[in-house]
Amino acid sequence: MNTLKNWIKKEIVLVIASCLALLSSFFTGLHTSHIDFNVLMLLFNLMIVVAAFKKLNVLDKISTLILSRCQNTKQLTLGLMLLTFFMAMIITNDVALITFVPLALILVKSTHLDAIKLIVLLTLAANLGSSLTPIGNPQNLYLYSYYHLSPSEFLKITFPLGLMSFALLLVIVLRDKKEPLQAELSCTNIEQPKKVLAYSFLLGIILMSVFHLIKVEWTFILTLLFVLISDRSLFKKVDYALLITFIAFFVFIGNISSIPALTHWMQAMLQTEPKTYLAGILSSQIISNVPAAILLSTFTPYAKSLLIGVNIGGLGTLIASLASVISYKLFAQTYPNQTAKYLKVFTLYNVSLLFILTLLFLISL
């Protein structure tokens with residue numbers, strides 16, 4: 001019984017998502033059309049590569065290099081935040097968190113930084129940094145294509161949000177006290193450099209699929225074959241519970257989007273730009289911003305309001321952005337007894353920034 005309770009506590013997001021999927025299926029029937037298999041395959045590919053880099057001591061080596069160039073805790077936190085914020089614009093918020101949260105957790109063990117605050121900060125940086133570019137996150141890519149926006153039109157909409165978000169994150173970091181880094185730098189050697197090179201090449205191919213230069217299906221098959229040949233033990237390192245969590249949320253969205261009453265309510269809610277903006281924020285809190293963008297775009301011509309709304313809407317609840325679930329899961333694996341405290345701190349920072357940004361951009365509309 002205790003084992004089951006511990007598992008539920010650790011996988012609480014999976015439990016909630018599964019219950020929502022099952023409950024909604026009971027009333028509407030099972031709708032699987034919203035399952036984004038490309039996202040699932042991409043997450044699988046990236047988890048495999050990150051697991052390989054961790055096993056080969058690549059992340060430990062990078063953490064040692066970062067530590068050697070930082071003189072205090074503020075510099076280290078700022079460096080990780082900047083890295084996550086700007087890389088999320090290019091490699092998506094999901095990829096940025098899968099890459100840098102494990103690295104941050106390694107650094108925490110070496111420096112005794114506040115693990116909860118650091119991971120929450122990186123989650124904010126990934127979600128807000130990714131809002132600037134069309135390829136930064138799935139909802140941006142979808143809306144960029146759906147409304148046929150040009151790159152200049154897109155950046156004209158998102159640049160003010162990116163700039164304001166960056167300023168707020170700097171305020172959070174710069175308010176921290178400067179404390180000396182009390183860490184002993186151990187000599188970390190890269191295990192099997194040839195394998196590291198091979199997995200780096202594989203990562204490059206996977207990132208090409210992020211930029212839609214190669215089909216995700218091909219990189220998924222390549223990753224499977226590569227791991228089967230090189231190191232099958234990596235399959236055990238994949239967080240399959242996270243993948244199932246994503247599937248459950250996709251099913252839930254597919255189910256509720258088929259409810260006629262919800263459709264009529266959406267049409268009534270999206271008659272003006274401010275209403276579209278607020279609907280994007282509020283619906284993201286319940287169904288997450290990617291499904292919210294897909295669902296609401298059908299009923300509104302206001303691309304700017306919806307784009308800003310679902311990106312700001314990625315703040316707030318844990319499920320407002322599914323990328324936030326990734327960092328929560330990674331944190332829970334390392335600190336299973338601190339998940340409740342993590343959720344409190346996460347909610348405090350997210351709701352605060354959500355409130356500030358919501359008011360600022362509501363005025364501009």
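On a predicted model such as this, the values are computed, not experimentally measured, just so you know.
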I need the single residue from L40, N45, I48, I206 that forms a side-chain contact (heavy atoms from CB on, under 4.5 Å) with F220. Which is it? N45
Measure across L315 and A320 and return the closest heavy-atom pair with its distance rounded to 0.1 Å. O-CB, 3.5 Å
For P102 against L330, the heavy-atom pair lying closest together: CD-CD1, 4.0 Å
If you count heavy atoms of other groups shown closer than 6.0 angstrom to OH of Y349, is the number above 12? no
Do F37 and F250 come within less than 4.5 Å of each other through their side chains, counting heavy atoms only? no
For G314 and S321, the nearest pair of non-hydrogen atoms, with its separation, is O-CB, 3.5 Å
Aromatic contact, F100 with F85 (centres under 6.0 Å): no
N137 pairs by side-chain hydrogen bond (donor to acceptor under 3.5 Å, both in side chains) with which of N311, N93, N127, T92? N311
On the 0 to 90° scale, with breaks at 30° and 60°, tag the Y342-Y328 ring pair as parallel, tilted or perpendicular. tilted
Can you tell me if F355 has over 12 outside heavy atoms packed within less than 6.0 Å of its CZ? no
Once you measure the plane-to-plane angle for Y199 and F226, does it fall in the parallel (<30°), tilted (30-60°) or perpendicular (>60°) bin? perpendicular
Between the side chains of K275 and T300, is a donor N or O closer than 3.5 angstrom to an acceptor N or O? no
With side chains defined as the heavy atoms from C-beta onward, is the minimum distance between M164 and L357 less than 4.5 Å? yes
Which residue is it: T276, L161, I312, I157? I am looking for the one with a side-chain contact (heavy atoms from CB on, under 4.5 Å) to L307. I157
Any donor-acceptor N/O pair, Q285 side chain to T317 backbone, under 3.5 Å: yes
Indicate yes or no: at least one non-hydrogen side-chain atom of D114 is less than 4.5 angstrom from one of L118. no
Distance from S327 atom OG to L318 atom CG, nearest 0.5 Å? 7.5 Å
Which atom names give the shortest non-hydrogen contact between V216 and N38, and what distance separates them? CG1-O, 3.7 Å
Is there side-chain contact between L20 and I16, with at least one heavy-atom pair below 4.5 Å? yes
Over all atoms of both residues, closest heavy-atom pair of S283 and L296: OG-CD1, 3.5 Å
Any side-chain heavy-atom pair of L270 and Y302 under 4.5 Å: no
Test ring pair (Phe, Tyr, Trp, His ring centres under 6.0 Å), reference F154, set Y146, F159, Y147, Y144, output is Y144
Tightest non-hydrogen contact, residues P138 and D94, listed as CG-OD2, 4.4 Å
Beyond-backbone contact of V101 with F331, side-chain heavy atoms, under 4.5 angstrom: no
Any heavy-atom pair between the side chains of T245 and K329 that's under 4.5 Å? no
When you look at NZ of K74, are more than 12 heavy atoms from neighbouring residues, nucleotides or ligands closer to it than 6.0 Å? yes
Would S209 and W218 count as a side chain to side chain contact (heavy atoms under 4.5 Å, CB included) if you check the C-alpha gap in whole Å, the side-chain angles of each, and the deciding distance to 0.1 Å? CA-CA 9 Å; S209 69; W218 290 112; over 6 Å; no
Main chain of L132, side chain of T158: is a donor-acceptor contact present, judged purely on distance under 3.5 Å? yes
Test your reading of the model: is there a side-chain donor-acceptor pair from R232 to the backbone of L228, 3.5 Å cut-off? yes
Taking side chain as C-beta onward, heavy atoms only, is Y335 less than 4.5 Å from L105? yes
Would you find a donor on one side and an acceptor on the other, under 3.5 Å apart, between the side chain of N140 and the backbone of T133? yes
Under the side chain to side chain contact (heavy atoms under 4.5 Å, CB included) criterion, do M47 and K237 qualify, and how do the steps go? CA-CA 8 Å; M47 284 190 279; K237 304 296 183 180; over 6 Å; no
S131 side chain vs L128 backbone, donor-acceptor pair below 3.5 Å: yes
